[in-house]
Amino acid sequence: MSVVSIILILLVAFVVGMDGILDEWQVYQPIIACTLVGIAVGNATAGIILGATLQMITIGWINIGASVAPDIALPSVISALLVCGPAALSIKHGIALAIPFAVIGQLLNIWIRKLTVKLVHDADQAAQNNQISRVDRLHLISLGIQGLRVLIPTILVMLISPQYIHQLMQQVPMLITNGIAVSVGMVSAVGFANLINMMVSKLLWIWFAIGFVIAIFTQINLFVLAACGLVVAIGFVWLKNKRHGASGGSGSDDDMDSFDKELDDL
């Protein structure tokens, strides 16, 4: 890899690690993180495919109370690096490696959260003493530690020879990788089912049915079909707003009220 690619990967890893705790820009989501790593190494196609697959796996991963879900940020960057980078592993192997890295990332996340408890107490003490600048520094330090949580493992993986990585993957039984691939397909189906469940509305099912029929009976690329759907959605909203303005808000309000009522009933 070139120096520019290495710098971009490290930058992506650091930002993804920070956003994994910020949950602000959603950069840590696999579909975004894997795509960015793929672009950095010049293999965006593999990054998008891997990211989309991992996204369907992680669609139901959330933190509930003190229960911390498996990490998303670390496996997204590491798997994308191994698939899109010099190692050039297959998508199947990248998915298989994402599972253990998700557990490792979860353990690191728990350990770092315990470590930052002291920083939180220091920030409380600084706030009581009206030391606002110190509070800002402690906040940035804790955020930087989360970035290092992904950055340091990424550097360690980059130091491993691609030939050695291939030797390690050859020692993994095909039964395990194939089993993980099958289970991933089942989990992805559950992810799609969750998305479809969000569309249980008479006003939305017609659009799903139209897209499904077009996808089956035509050879249109999935990304092209998604772009067409986005254009139709924007046009639909624009026409609804235009009709709302022309009618003074009477008829359109009734339609939107019925739509909101259906969404509330989900």
J.: Under the salt bridge (Lys or Arg N to Asp or Glu O under 4.0 Å) definition, can you give me all pairs with a residue in residues 99-111, not counting sequence neighbours?
T.: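 Residue pairs passing salt bridge (Lys or Arg N to Asp or Glu O under 4.0 Å), neighbours aside: none found.
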J.: Can you name the one residue among V231, V224, L230 that meets side-chain contact (heavy atoms from CB on, under 4.5 Å) with C228?
T.: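 Of V231, V224, L230, side-chain contact (heavy atoms from CB on, under 4.5 Å) with C228 is met by V224 alone.
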J.: Do the non-hydrogen side-chain atoms of L148 and F14 ever get within less than 4.5 Å of each other?
T.: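 SC-SC contact between L148 and F14 confirmed.
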J.: Please report the shortest heavy-atom distance between R149 and A73, naming the atom on each side.
T.: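 Distance-wise, the nearest heavy atoms are NH2-CB, 4.2 Å.
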J.: Can you give me the closest heavy-atom contact between I220 and I214, atom names plus distance?
T.: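 Looking at all heavy atoms of both residues, the shortest contact is CD1-CG2, 3.9 Å.
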J.: So which atom in V150 and which in T154 form the shortest heavy-atom distance, rounded to 0.1 Å?
T.: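 So the minimum-distance heavy-atom pair works out to O-OG1, 2.7 Å.
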J.: State the CG-CD distance between L138 and Q131, to the nearest 0.5 angstrom.
T.: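 Between L138 CG and Q131 CD, I get 9.5 Å after rounding to 0.5 Å.
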J.: Output yes when a side-chain donor or acceptor of N43 lies under 3.5 Å from a complementary backbone atom of G85, and no otherwise.
T.: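 No: the side chain of N43 does not pair with the backbone of G85.
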J.: How would you list, by chain and number, every residue that makes a side-chain hydrogen bond (donor to acceptor under 3.5 Å, both in side chains) with D122, sequence neighbours excluded?
T.: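 Partners of D122 by the side-chain hydrogen bond (donor to acceptor under 3.5 Å, both in side chains) criterion, ordered by chain and then number, come out as K118.
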J.: For the CD atom of Q55 and the SG atom of C34, what is their distance to the nearest 0.5 Å?
T.: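 Result: 9.0 Å between the selected atoms.
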J.: How long is the straight-line distance from CD1 of I216 back to CZ of F212, given to the nearest 0.5 Å?
T.: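 Interatomic distance, F212 CZ to I216 CD1, rounded to 0.5 Å: 3.5 Å.
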J.: Could you see if L168 belongs to whatever hydrophobic cluster contains L81? Use Ile, Leu, Val, Met, Phe, Trp, Tyr and a side-chain cutoff under 4.5 Å.
T.: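 Yes; L81 is reachable from L168 via cluster members.
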J.: Please tell me whether V27 and I39 are part of a single hydrophobic cluster in this structure, the criterion being side-chain heavy atoms less than 4.5 Å apart.
T.: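 No, because V27 and I39 fall into different hydrophobic clusters, even though each may have its own neighbours under 4.5 Å.
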J.: Determine, using the 4.5 Å side-chain heavy-atom cutoff (strictly less than), whether L82 and I155 are members of one ILVMFWY cluster.
T.: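 Yes; tracing contacts between hydrophobic side chains, which count when under 4.5 Å, links both residues.
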J.: Passes side chain to side chain contact (heavy atoms under 4.5 Å, CB included), I110 versus Q106? Steps please.
T.: CA-CA 6 Å; I110 295 174; Q106 179 188 33; 4.2 Å; yes
J.: Return the minimal non-hydrogen interatomic distance between M18 and L143, and the atom names on each side.
T.: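 Minimum heavy-atom separation between M18 and L143: CG-O, 3.3 Å.
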J.: Short question: side chain of S79, backbone of S76 - any donor-acceptor pair under 3.5 Å?
T.: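 It does not hold such a pair.
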J.: Taking the side chain from N241 and the backbone from V237, do they hold a donor-acceptor pair closer than 3.5 Å?
T.: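 A pair under 3.5 Å: yes.
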J.: Considering all heavy atoms of both residues, which atom of A123 and which atom of V135 are nearest to each other, and what is their separation?
T.: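 Shortest heavy-atom contact: O-CG2, 3.7 Å.
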J.: Between S2 and S5 (side chain of the first, backbone of the second, donor and acceptor by atom type, cut-off under 3.5 Å), is there such a pair?
T.: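 Side chain of S2 to backbone of S5, a donor-acceptor pair under 3.5 Å: yes, one is there.
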J.: Do L11 and V4 share a hydrophobic cluster, counting only Ile, Leu, Val, Met, Phe, Trp and Tyr and linking them when any side-chain heavy atoms are less than 4.5 Å apart?
T.: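 No; tracing contacts between hydrophobic side chains, which count when under 4.5 Å, never links both residues.
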J.: Would you compute the distance between atom CD1 of I49 and atom CD1 of I95 and round it to the nearest 0.5 angstrom?
T.: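 So the CD1 of I49 and the CD1 of I95 are separated by 10.0 Å.
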J.: Side chains of D71 and Y28: donor-acceptor distance under 3.5 Å anywhere?
T.: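 Short answer, no.
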J.: For N130, enumerate each residue passing the side-chain hydrogen bond (donor to acceptor under 3.5 Å, both in side chains) test, keeping only those at least two apart in sequence or located in another chain.
T.: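 With sequence neighbours excluded, N130 shows a side-chain hydrogen bond (donor to acceptor under 3.5 Å, both in side chains) to no residue whatsoever.
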J.: Within the 4.5 Å heavy-atom criterion, are L97 and I78 side-chain neighbours or not?
T.: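 No, every pair of side-chain atoms sits at 4.5 Å or beyond.
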J.: If we only count heavy atoms from C-beta on, is the L119 to I145 side-chain gap below 4.5 Å?
T.: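 Side-chain contact under 4.5 Å: yes.
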J.: Drop me the distance from T116's OG1 to H121's NE2, to the nearest 0.5 angstrom.
T.: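 Between atom OG1 of T116 and atom NE2 of H121 there are 10.0 Å.
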J.: Kindly compute the distance separating CG (L50) from CD1 (I31), expressed to the nearest 0.5 Å.
T.: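 Answer for the CG-CD1 pair, L50 versus I31, is 9.0 Å.
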J.: Give a yes or no answer on whether the side chain of Q146 reaches the backbone of I21 with a donor-acceptor pair at less than 3.5 Å.
T.: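 Side chain of Q146 to backbone of I21: no pair is present.
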J.: Any heavy-atom pair between the side chains of T58 and P30 that's under 4.5 Å?
T.: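 In short, these two side chains touch, coming nearer than 4.5 Å.
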J.: Tell me whether L151 shares a hydrophobic cluster with L156, the cluster being built from Ile, Leu, Val, Met, Phe, Trp, Tyr side chains joined at under 4.5 Å.
T.: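 Shared cluster, yes.
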J.: For the residue pair M158 and I6, what are the closest heavy atoms and their distance?
T.: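 Answer, listing the atom of M158 first, then I6: CE-CG2, 3.5 Å.
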